[in-house]
Asker: 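Have a look at this one before I ask anything.
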Number of protein chains: 2
Amino acid sequence: MTATQPGPVRNGKRPSVTDVARLAGVSVGTVSNVLNRPANVAPSTRAKVEAAIKELSFVRNASARQLRSGELNTVGAVVLDIANPFFTEMARGIEDRLAQDEYTLMLCSSDENPEREGRYLRLFEEHGVRGVIATPSEGSLDTLLAMRGRGIDVVLLDHTSPLPDLPSVAVDDVGGGALATEHLLAQGHTRLAFLNGPLTLRQCADRREGVLQTLAAHGLDPAEALVEIPLEALNADGGDEGMRRLLASAGPVPSAAFCVNDVTALGALRALRDLGVSVPGEMAVVGYDDVMFANMLATPLTSVRQPMYKMGWTAADMLLRRGAEGAAAEQVEFEPELVVRASSISG
Amino acid sequence: MTATQPGPVRNGKRPSVTDVARLAGVSVGTVSNVLNRPANVAPSTRAKVEAAIKELSFVRNASARQLRSGELNTVGAVVLDIANPFFTEMARGIEDRLAQDEYTLMLCSSDENPEREGRYLRLFEEHGVRGVIATPSEGSLDTLLAMRGRGIDVVLLDHTSPLPDLPSVAVDDVGGGALATEHLLAQGHTRLAFLNGPLTLRQCADRREGVLQTLAAHGLDPAEALVEIPLEALNADGGDEGMRRLLASAGPVPSAAFCVNDVTALGALRALRDLGVSVPGEMAVVGYDDVMFANMLATPLTSVRQPMYKMGWTAADMLLRRGAEGAAAEQVEFEPELVVRASSISG
DNA sequence: CAGACCGAGTGTAACGATTCACGCCCCCGG
DNA sequence: CCGGGGGCGTGAATCGTTACACTCGGTCTG
């Protein structure tokens, strides 16, 4: 009992069905049957084969299997940032739905880097995944369309589809941006800051659009009423740094800030705290996503809620159903919901 | 220009090297050379082949490629809970290190479910991943050892290795548990609550061990000084519910609570707030991990910090280096660090 | 009793890319 | 003019699995 390796000693190679067949004294076809259609094999034979499998600790070679039979129960997903709870919550939704059908999720994070995103998409395709769920960044839409042209199911996540027959799950971000802005204006603020990411990201562009529309609807001139702060990174440090830049900027400082997501809002709040600016007294803050910790912060964060888990679940569901019954392409759009908390309430 | 599909019309099948070769008027061997050793191909030939590849929008079949050549630049990782920032931060570290060597990460979340974890591990092996990084749950260690026996590199993450030649990256959780307890005792608390997960999880068992050791060192009887609350789930809701149970329990209520991680501490704090129990006045709280939002909560959370990103990075680095130069198995252990904040400071 | 049928198992041709031992051609030096 | 390389390409063998057409006893049916 001093063996350090379980099972028989390997001779440097994985055993194959052939090895199993030889050991069990049957043909490879039978081994394959035991593996895939056990009901078609006599119990005694099956037992012999199973014994041989255990003996050799044989593990199916997925590459060969897939090469021959084409099918693969894997779905790839590319999200913008795996460290953002917004995306991990969606990932959970995807995974749970996929697990129901014995599918597996391959999750990758593009870090908003189109090149990295492209690399992952290519990898997925080379591996022959059944489908892809992606939160596309700028430019990758073409790649996705090309993949779809080659027969890979694609579902856009957190992005409304530009094409009628391309399924997507999204949230009305223009509406969400409007919701936040409307709320801030209702609180009496007349000059707002918008800490936003690159406009090449649809989410950022749309939320901005909502801001501008709302300003216009109230007869406000953006040049007067809006200070836009472009963020270096859509994480806490980016938000922190952006807020510092806002406070240091020339001209009258706004009395309210809308952050493009909760993680950056977290950073912004940190900067405000460190600089001794009171929230919401001197600066009201609104975030976006309503992630897990939003309501537990020093000043609970007003945020625009998105049904993250449900979005992920729905996207996976659409992907699976689409393949299964050739369902028509749906384009689901959820409505965002403003959750008002202390960070934006002056009274 | 009304084609809805980019590229030439597919006849229902992916083009293969053979198709490319035919179109380019060369042999399949040459196509393969263009793909893998472009320097060995004359520029004019290469151009022809590349044109054909574009024309057909050919995509390599990774299964066939790997079947023949064996190698695959993919590493699999299984973490306990993808929605916990502790794990996603580690995942980022892994991914970044892997990207340096053009490796790709396949990330899966076992939800502390051994069966699900086993499924993912088997899947990885069937796919022939180069190595596996895993935060093992109960029982899966055998599976991992078996995989290693079959030639797959394994690195344990957030788990000290039980075997000298099995590499691992971990944090001294006994020490971490002691740190937290020592701190709470130093604050004058004499009766502590410990909101913990299942002891089948090494992290939970070790931190508990640290708690008990420290209690003993101070001459305290656990039966008197410790109230253990088993958590249903290691997430915010679990922590919330656990704290409510604690407050509702019979006997003198402790004046301090140690939560096994920050996410559950978040939930516990939420329950305390909702029930109107002041922190740290009526109940001091300490968490574990020091995740991103710990210092931004209503009452900034005292926590035991772990170098998450670095842990992930190191694990990936060990995996890659091990294969590359047959380096000896290291077992890295990081030291946890107590970060004291308002949630546990009585003065 | 012939023929159909059945369950159980066999053997082999794919699947698509890579590899490798060889050809072929052309140029160069002796 | 011949031998020898080098540079470019060729094409068949191969990886491990699955699908499929097939064999082989034996039992049922009319």
Side-chain angles (χ1 to χ4, degrees), chain A residues 10-50 52-53 56-73 122-123 125-129 150-151, chain B residues 10-50 52-53 56-73 122-123 125-129 150-151:
Chain A
R10 305 259 62 73
N11 57 1
K13 269 181 100 334
R14 292 168 62 167
S16 74
V17 275
T18 316
D19 301 320
V20 174
R22 190 173 16 245
L23 180 61
V26 299
S27 76
V28 292
T30 302
V31 176
S32 177
N33 281 336
V34 170
L35 258 21
N36 303 299
R37 283 169 300 275
N40 294 0
V41 180
S44 64
T45 318
R46 199 194 314 164
K48 274 193 301 183
V49 173
E50 277 162 356
I53 287 178
L56 294 172
S57 64
F58 163 80
V59 175
R60 253 206 202 77
N61 182 324
S63 303
R65 173 197 184 70
Q66 199 214 331
L67 172 61
R68 179 60 235 235
S69 66
E71 279 312 307
L72 181 58
N73 279 9
R122 187 162 37 77
L123 191 94
E125 179 162 8
E126 289 185 359
H127 273 79
V129 297
R150 289 181 226 114
Chain B
R10 307 257 62 74
N11 57 1
K13 270 181 98 338
R14 294 168 61 167
S16 74
V17 275
T18 316
D19 301 320
V20 173
R22 191 176 14 247
L23 180 60
V26 299
S27 76
V28 292
T30 303
V31 176
S32 177
N33 281 334
V34 170
L35 258 21
N36 303 297
R37 284 168 298 276
N40 293 0
V41 181
S44 63
T45 317
R46 198 193 315 164
K48 273 192 301 184
V49 173
E50 278 163 354
I53 288 178
L56 295 173
S57 64
F58 163 81
V59 176
R60 252 207 204 80
N61 181 324
S63 303
R65 172 197 184 71
Q66 199 215 330
L67 173 59
R68 180 60 234 238
S69 66
E71 279 311 308
L72 181 58
N73 279 9
R122 187 162 38 77
L123 191 94
E125 180 163 9
E126 289 185 359
H127 272 79
V129 297
R150 289 181 226 115

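Order of the sequence lines sets the chain letters (A, B, ...), proteins ahead of strands, with each chain counted from 1. Basis for what follows: all heavy atoms, side chains included, without hydrogens, waters or symmetry-related copies.
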Asker: Any side-chain heavy-atom pair from F58(A) and L23(A) closer than 4.5 angstrom?
Answerer: no

Asker: Send over the distance from H127(B) NE2 to dG16(D) C1', rounded to a whole Å.
Answerer: 14 Å

Asker: Below 3.5 Å is the cut-off: list the nitrogen or oxygen pairs between protein and nucleotides 18-21 of chain C, distance only.
Answerer:
from, atom 1, to, atom 2, distance (Å)
dT18(C), OP1, N36(B), OD1, 3.4
dT18(C), OP1, N36(B), ND2, 3.3
dT18(C), OP1, R60(B), NE, 3.4
dT18(C), OP1, R65(B), NH1, 2.4
dT18(C), OP2, S32(B), OG, 3.3
dT18(C), OP2, N36(B), ND2, 3.2
dT18(C), O2, R68(B), NH1, 3.2
dT19(C), OP2, R37(B), NH1, 3.1

Asker: For dG9(D) and S27(B) - does any side-chain N or O of the residue sit under 4.0 Å from the phosphate oxygens OP1/OP2?
Answerer: no

Asker: Per the salt bridge (Lys or Arg N to Asp or Glu O under 4.0 Å) rule, what does the pair list look like for residues 17-46 of chain B, sequence neighbours excluded?
Answerer: D19(B)-R22(B)

Asker: Nearest-Å distance, CG (N40(A)) to P (dC20(D))?
Answerer: 13 Å

Asker: Rounded to whole angstroms, how far apart are CZ on R22(A) and P on dT10(C)?
Answerer: 14 Å

Asker: Rounding to an integer number of Å, can you tell me how far D19(B) CG sits from dA17(C) C1'?
Answerer: 13 Å

Asker: Could you state the atom-to-atom distance from CG of L67(A) to C1' of dA19(D) in whole Å?
Answerer: 13 Å

Asker: For a quick test of reading the model, state the closest non-hydrogen atom pair linking L35(A) to V17(A) and the distance between them.
Answerer: CD2-CG1, 4.3 Å

Asker: What nucleic acid atoms does S16(A) come within less than 4.0 Å of, heavy atoms only: base, sugar-phosphate, or nothing?
Answerer: sugar-phosphate

Asker: Looking only at atom types and distance, does a side-chain atom of Q66(A) sit under 3.5 Å from a main-chain N or O of H127(B), one as donor and one as acceptor?
Answerer: no

Asker: Grab the CZ-C1' distance between R46(A) and dA8(C) for me, whole Å please.
Answerer: 12 Å

Asker: Can you find a heavy atom in the side chain of V34(B) that is under 4.5 Å from one in the side chain of V26(B)?
Answerer: no

Asker: Round to a whole Å and report the spacing from CD of E126(B) to C1' of dC15(D).
Answerer: 17 Å

Asker: Do side-chain atoms of R14(A) reach the backbone of R60(A) as a donor and acceptor pair under 3.5 angstrom?
Answerer: yes

